[in-house]
Amino acid sequence: MSEALHCLGVAELAVALAAKTVSSEEVTRHLLARLAAHEHLGAFLCSDAELALAQARASDARRANDGARGALDGVPIAHKDIYVTTDFPSTAASKMLAGYRSPFDATVVAKLKNAGTVTLGKLNCDEFAMGGSNENSSVKPARNPWDPTRIPGGSSGGSAAAVAARLVPAATGTDTGGSVRQPASLTGVTGIKPTYGRCSRYGMIAFASSLDQAGPLARSAEDCALLLGAMSGYDERDSTSAQQPVPDFAAALRMPREGATGAKPLRGLRIGLPREFFGAGVAAGVTKAVRAALVQAERLGATLVDVSLPRTELSIPVYYIIAPAEASSNLSRFDGVRYGHRAAEYTNLLDMYRKSRSEGFGAEVKRRIMIGTYVLSHGYYDAYYLQAQKLRRMIADDFQAAFAHCDLIAGPVAPTVARTIGSQTDPLAEYLADIFTLPASLAGLPGMSVPAGFGEHGLPVGLQLIGNYWQEAALLHAAHALQQATDWHRCAPPECLA
C-alpha cells in the first residue's frame with residue numbers, strides 16, 4: 001500500500017489510520033521522501049523530518065492506547081509560512097523576517113496540533129501574502145505541478161502546489177483577496193475561505209486585518225470540512241474572532257436537503273449566476289469548464305437563476321485602496337529595532353529605518369506600503385480611503401440583494417488558467433486577475449474553489465461557490481455533492497501520481 005499513500009486524502013487517511021492498516025510514521029516517512037524528490041516545485045520553505053517523525057510516533061502511540069484525538073490524529077499537513085510557529089522559522093517568505101522564530105504558535109496551528117496532525121514544514125507564499133502568483137516570495141517562486149513553467153497562484157501558492165503534487169494531503173492557507181481560492185483553482189485542488197471571523201487571526205502575520213482569513217486547501221470538500229472544523233472557533237486573543245458555534249462540517253456533508261433524493265442531492269438549491277462573472281475577459285476554456293460544472297449541478301437537482309452584482313468591477317479599486325492602507329499600518333512594526341532585518345551599516349536612527357526596510361522588503365510589498373501610506377495621508381484619506389469603505393458596504397449590500405433570490409452564488413474563480421512564470425510584468429494587470437474573488441472578500445463572505453475540469457493548455461479550472469454569512473456548511477455540502485458525481489477533484493499531474 002505504501003506506493004499509493006500519497007494518493008490518499010485526509011478522509012481516506014483517517015480511515016486507514018483508524019483501521020491501523022497503516023501507521024502515521026509510515027505515511028510521514030513516505031511523504032518526507034516525496035518532499036525531497038519534488039524540491040524543484042519550490043512548495044516548501046523548510047521541513048524537519050526528525051520533528052515530523054516524532055509527532056507521527058506520538059500519534060501511533062495514542063492510537064495503540066485507544067487515545068486518538070479524532071479523525072485528524074496522525075494526518076500529515078503543512079502550514080503556509082504566514083502563520084507563526086515555535087517549531088519552524090516564521091518568515092512570511094520575506095528577507096525582513098529571515099530566520100525569525102516565534103515564541104508561540106498561531107491559534108490555527110495550535111488547534112491543528114491539538115487535533116493530532118503531524119507538521120511536515122512551512123510552505124512558500126508571496127511575501128507577506130501580497131500577490132497572486134507566488135513570484136513575490138523572496139526565497140524562490142513556487143511552481144505549478146501541472147506545468148512547472150507556470151505559476152501555482154498566490155499568495156498560498158506553496159500550499160496549493162504541495163497539495164496538488166501529492167506532497168501533503170492538506171495544508172493551511174490564508175485568503176485576503178482570494179489567496180486560497182485562486183491558487184486552488186489554478187492547481188486543481190479544493191480550497192475554502194470561511195466567513196471573516198470564523199477562524200482566529202491570532203498568530204497570523206498581518207497583511208490587511210479587516211480582510212485576512214484562514215482557510216484550508218485539500219483534495220476534496222470532505223477533506224476541507226475536516227480541517228475547517230478543527231481550525232474554527234472563537235479566540236479571545238483575536239478581537240475580530242466571532243462568537244459563533246462551530247458546526248460539524250464533516251457531518252453536514254451527509255445531511256440530506258429537504259426534499260432531496262439520492263439521485264438529486266441538490267434539489268431545492270438555488271444557485272445564482274451573476275451576469276458580471278460571465279462577460280468579456282473570461283477565457284473561453286474557463287467559461288466552458290465552469291458552465292459544464294453548473295450543468296452537472298442542475299443534473300443533481302439545483303436550479304440556476306440569474307442575479308446581478310453590479311459593483312463587481314469596483315471591487316478592484318476598493319480592495320487596492322483598503323488592503324494597502326491596512327498593510328502600510330501593519331508593516332510599520334518592521335523597523336529593524338525589535339525584530340526582523342536590520343541594516344548592517346547606518347548613520348542614525350532614521351537611516352537605520354530607511355535602510356532596514358529598503359533591504360528587507362521586496363518590490364511588491366514596498367509598492368503596497370507606498371500606496372497605502374498615500375491614501376491614508378492628510379488630504380487624501382477622505383477622498384480615497386473613506387470612499388472605498390463606503391463602496392465596500394455597497395458591495396456587501398449587493399450580495400444581500402442577490403441572496404434574496406438564491407442560496408449560493410457561482411462563477412469562475414479566475415478569468416484564465418495559470419500563466420507562465422515571469423510573463424506578467426505590469427502590477428496593475430496582475431491585480432485585474434482578482435476580479436471574481438475580491439467581492440466576497442470585501443463583504444466578508446465565505447467562498448470556495450471546487451475543481452471543475454480543465455481549460456486552455458489542459459490546465460485546471462475552479463468553480464467558485466459563495467455563500468451567505470456562516471453558511472460554510474452549505475458550500476461544503478454542494479461541493480461534496482458535485483464531487484460525488486464527478487472526478488475532477490481526483491485528477492492529478494501525471495508525474496505526481498507515481
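Residues take their numbers from the sequence shown, with the count starting at 1.
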Which atom pair, heavy atoms only, marks the closest approach of [X] to [Y]?
X      : Y      : value
Ile322 : Gln389 : CD1-OE1, 3.6 Å
Val413 : Leu463 : CG2-C, 3.9 Å
Leu186 : Ala414 : CD2-CB, 4.4 Å
Leu41  : Pro148 : CD2-CG, 4.5 Å
Cys406 : Ile271 : CB-C, 4.2 Å
Cys224 : Ile192 : CB-CG2, 4.1 Å

Quick check on side chain to side chain donor-acceptor pair (under 3.5 Å): which of Ser159, Ser155, Ser179 does Lys80 satisfy it with? Ser155

From the options Arg219, His489, Gln483, select the one residue that forms a side chain to side chain donor-acceptor pair (under 3.5 Å) with Thr190. Gln483

Measure from NZ or CZ of Arg181 to the centre of the six-membered ring of Phe436 and say whether it is under 6.0 Å with the direction within 45° of the ring axis. no

NZ/NE/NH1/NH2 to OD/OE distance under 4.0 Å, Arg150 and Glu456: no

Note: Arg291-Glu298 ion pair, threshold 4.0 Å (strictly below): no

I need the [X] [atom1] to [Y] [atom2] distance, nearest 0.5 Å.
X      : Y      : atom1 : atom2 : answer
Arg393 : Asp398 : CZ    : CG    : 10.5 Å
Ile151 : Gln182 : CD1   : CD    : 6.0 Å
Leu72  : Lys111 : CG    : NZ    : 12.5 Å
Leu17  : Arg63  : CG    : CZ    : 5.0 Å
Leu266 : His480 : CG    : NE2   : 10.5 Å
Leu459 : Asp147 : CG    : CG    : 6.0 Å

Just by distance, do the side chain of [X] and the backbone of [Y] share a donor-acceptor pair under 3.5 Å?
X      : Y      : value
Ser315 : Thr312 : yes
Thr117 : Leu112 : yes
Arg257 : Arg267 : yes
Asn114 : Ala110 : no
Asp223 : Val10  : yes
Ser232 : Gly229 : no
Asp126 : Ala129 : no
Asp60  : Ser24  : yes
Asn134 : Pro152 : no
Gln464 : Ser449 : no

Exactly one candidate in Thr119, Leu120, Leu35 meets side-chain contact (heavy atoms from CB on, under 4.5 Å) with Ser47; the answer is Leu35

Can you find a pair of side-chain heavy atoms, one from [X] and one from [Y], that are under 4.5 Å apart?
X      : Y      : answer
Lys122 : Thr85  : yes
Pro169 : Leu31  : yes
Pro274 : Val307 : yes
Pro145 : Arg166 : no
Val109 : Phe88  : no
Pro446 : Trp470 : no
Asn124 : Phe44  : no
Thr107 : Asp238 : no

Residues [X] and [Y]: side-chain donor-acceptor under 3.5 angstrom:
X      : Y      : value
Ser59  : Asp73  : yes
Arg392 : Ser210 : yes
Ser308 : Glu276 : yes
Thr195 : Glu472 : yes

Is there a side-chain contact (heavy atoms from CB on, under 4.5 Å) between Val27 and Val75 once you walk through the steps? CA-CA 8 Å; Val27 176; Val75 174; over 6 Å; no

Show the numbers, then the answer: is there a side-chain contact (heavy atoms from CB on, under 4.5 Å) between Glu236 and Tyr202? CA-CA 9 Å; Glu236 63 181 8; Tyr202 182 75; over 6 Å; no

Assess whether atom NZ of Lys264 is packed by more than 12 heavy atoms of other residues, nucleotides or ligands within 6.0 Å. yes

Is the number of heavy atoms from other residues, nucleotides or ligands under 6.0 Å of Arg490 CZ greater than 12? no

Could you walk me through whether Tyr196 and Arg201 pass the side-chain contact (heavy atoms from CB on, under 4.5 Å) test, one step at a time? CA-CA 10 Å; Tyr196 181 80; Arg201 293 188 306 106; 3.5 Å; yes

Dump the intermediate steps for side-chain contact (heavy atoms from CB on, under 4.5 Å) on Trp146 and Val417, then the final yes or no. CA-CA 11 Å; Trp146 290 92; Val417 296; over 6 Å; no

Should the ring pair Tyr319 and Phe207 be called parallel, tilted or perpendicular, given that the plane angle runs from 0 to 90° and is split at 30 and 60? perpendicular

Does any pair with a residue in residues 156-181 pass ring pair (Phe, Tyr, Trp, His ring centres under 6.0 Å), and if so which ones, sequence neighbours excluded? none

